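Right, one structure below, let's go through it.
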Amino acid sequence: MWERGRPPRKPRPSPIIVPPPPPSPPPRLNLLLPRSLLALAARAMPSRRPSPVLLLLLALALALLFLLLSPSSPSASRLSRSLASGSASASSSPASPAAPPAPVKIYMYDLPPKFTYGVVRSYTAARAPSGSADAAAVLPDEQLRYPGHQHSAEWWLFKDLLRRGPRDRPVARVDDPRDADLFYVPFFSSLSLVVNPIRPPVAANASGVAAAYSDEAMQKELLEWLERQSYWRRHGGRDHVFICQDPNALYSVIDRISNAILLVSDFGRLRSDQASLVKDVILPYSHRINSFKGDVGVDGRPSLLFFMGNRYRKEGGKVRDALFQILENEEDVTIKHGAQSRESRRAATRGMHSSKFCLHPAGDTPSACRLFDALVSLCVPVIVSDYIELPFEDVIDYSSISIFVGTRKAVQPGYLTSMLRRVSSERILEYQREIKKVKRFFEYEDPNGPVNEIWRQVSLKAPLVKLLTNRNKRLVERGTNGTDCSCICSTTPTDMTTAG
């Protein structure tokens, strides 16, 4: 029916519908044919009849697009390969971790035996009872044992490089020095320093070794031997590695080897132009007491704080005497004067295994084996040593396993014990759990312990050595200010804050 007063509407033309094409085999690519696309475009057109020219242009454009994306098209093939390779790399990258870097190649000098096994023989001969035969003198080298000593890292590293066979190590020993990135000098410098006992026997034994040994003469002979080696002269020893863990080891030749990588326990006796955190490596001392085999806990640790060691020290170690005066009358605190002996080690083992906290004050140098004795005992170290350097700090956060107290605050009466008594049992358990995670880094007998980590630290120095040796090749003239940027030194802290 028409509405009143309005003429009837003209019928609208029907939209153009392009019939679908007859079924055909699907193309190799999952794409719509141009006719199908044309049909879709036609459906989307307004109701007015489209211009034939417009339809023709649209068909031509769609046909051109189809040809470009056809599998037979070279452009499409390149695009498909590019997309496929990108997709494959994206999908495989999370599942395939980056390959570990190639190990740094290290050559260990075959030193004359007197610098290695000979030092061990001299040490045992110097302690043989007067007039008796030295048992070590008749043992073959491979049966010799290094004396129990806090500086035994030199023995562990030497034996590790002697070991053959495939190993997952940051360094790989090579037999040809021409292949080497670094050169290891396996002189037992720390043991050599203490070959002659503090109280020598009344007379030397039958071999006379004890009376003849001279550590200073050994150091000089070592350098004379090295200076005849072409690989030492090539770069002035910069690509060589020495271990001098005792603070006084290699003292008479230290200036002649200061370009080299030094493996040390701290910088207490070294000048800033001899050693630095940039070129050298800090080692842990070997622990002298037995590791604690139990689990974390405070119930079996009735003592609050434990310390046993020499009370009187030099220079920075004078803090020990002040701490003795403050702590020796404190309840549930054990602080004893004790020298190195088997009985002292047994007492220290009992004390550390039954204490919540273990005191580590500076001695003649900033660090000592007592810190690592505490860690393997799960006894939380309380470090009162303002200038201490610690091993492996790129992987160990010592603030999570130790408490650091500045010297000025530690010697205030009542400060130390009041602070420790405020530490909750749960917080102590957290410290102990964190210590357990890193305990292997301080146990030389562990196959994945400090030896492997020391080599990793040494391998990290190789790029610096390469940079400096290449730089020296092109230098024509040195600066006139007397400095050499090859030794970048650690800064001395001017203030120490307290962490708890």
Side-chain angles (χ1 to χ4, degrees), residues 99-117 119 141 153-190 219 221-245 249-250 253-254 256-264 274-283 392 394 450-475 484 486-488:
V104 169
K105 298 173 184 176
I106 192 165
Y107 176 80
M108 182 168 69
Y109 279 110
D110 186 14
L111 293 179
K114 66 179 179 179
F115 295 111
T116 54
Y117 293 115
V119 181
D141 290 344
E154 57 194 15
W155 174 261
W156 289 100
L157 295 178
F158 174 66
K159 298 297 283 187
D160 186 67
L161 285 181
L162 286 179
R163 201 171 297 124
R164 296 292 184 177
R167 294 175 300 155
D168 181 18
R169 288 286 187 269
V171 298
R173 184 186 171 195
V174 294
D175 295 322
D176 190 339
R178 292 173 296 182
D179 298 331
D181 302 306
L182 298 173
F183 296 78
Y184 184 66
V185 184
F187 174 45
F188 295 166
S189 59
S190 294
Q219 295 177 46
E221 286 184 50
L222 174 71
L223 260 292
E224 290 172 0
W225 186 90
L226 276 174
E227 288 168 351
R228 294 194 296 269
Q229 311 304 312
S230 60
Y231 290 98
W232 170 266
R233 297 194 306 270
R234 183 178 60 173
H235 301 307
R238 194 181 301 280
D239 50 1
H240 284 54
V241 182
F242 292 83
I243 182 165
C244 40
Q245 196 175 20
L250 295 173
V253 297
I254 195 68
R256 295 163 66 183
I257 65 171
S258 59
N259 275 345
I261 300 170
L262 305 180
L263 310 184
V264 299
Q274 295 170 336
S276 77
L277 283 174
V278 173
K279 76 175 186 68
D280 302 319
V281 176
I282 302 294
L283 311 186
F392 318 144
D394 61 337
V451 170
N452 196 50
E453 189 61 22
I454 291 167
W455 289 135
R456 186 185 70 82
Q457 298 278 338
V458 169
S459 72
L460 295 177
K461 307 300 179 181
L464 175 65
V465 170
K466 192 62 153 178
L467 182 153
L468 293 173
T469 53
N470 286 342
R471 175 177 175 271
N472 282 347
K473 290 176 185 177
R474 55 88 177 166
L475 285 180
D484 183 356
S486 66
C487 184
I488 305 172

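Bear in mind the structure is a predicted one, so any value in this text is a computation, not a measurement.
Side-chain atoms of E154 come within 3.5 Å of backbone N or O of S189 as a donor-acceptor pair. Between the side chain of K279 and the main chain of S258, a donor-acceptor pair closer than 3.5 Å is present. Remark: the backbone N or O of N452 is not paired with any side-chain donor or acceptor of R169 at under 3.5 angstrom. A donor-acceptor distance shorter than 3.5 angstrom exists from the side chain of D280 to the backbone of L262, with no hydrogens or angles considered.
A centroid separation of less than 6.0 Å is found between the aromatic rings of F158 and Y117. Note: W225 and F115 fail the aromatic proximity criterion, with ring centroids not under 6.0 Å apart.
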**Study point:** Stepwise side-chain contact (heavy atoms from CB on, under 4.5 Å) test for L460 and V281
**Key:** CA-CA 10 Å; L460 295 177; V281 176; over 6 Å; no
**Study point:** Step-by-step side-chain contact (heavy atoms from CB on, under 4.5 Å) determination, L222 to L111
**Key:** CA-CA 9 Å; L222 174 71; L111 293 179; 4.1 Å; yes
Practice item. Decide yes or no on side-chain contact (heavy atoms from CB on, under 4.5 Å) for L226 and I257, but give the supporting numbers first. Key: CA-CA 10 Å; L226 276 174; I257 65 171; 5.7 Å; no
Practice item. Quick one: do W232 and L223 satisfy side-chain contact (heavy atoms from CB on, under 4.5 Å)? Show the steps, please. Key: CA-CA 10 Å; W232 170 266; L223 260 292; 4.2 Å; yes
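With contacts defined as side-chain heavy-atom distances shorter than 4.5 Å, the pair I106/W455 qualifies. Between D181 and V171, the closest side-chain pair of non-hydrogen atoms is not below 4.5 Å. Counting only heavy atoms from C-beta outward, the side chains of W155 and F188 approach each other to under 4.5 Å.
Residues passing the salt bridge (Lys or Arg N to Asp or Glu O under 4.0 Å) test with D394, sequence neighbours excluded: R456. With sequence neighbours excluded, no residue satisfies salt bridge (Lys or Arg N to Asp or Glu O under 4.0 Å) with D179. Residues that satisfy the salt bridge (Lys or Arg N to Asp or Glu O under 4.0 Å) test with R234, not counting sequence neighbours, are D239.
Using cut-offs of 30° and 60° on the angle between ring planes, the pair F183 and H240 is parallel.
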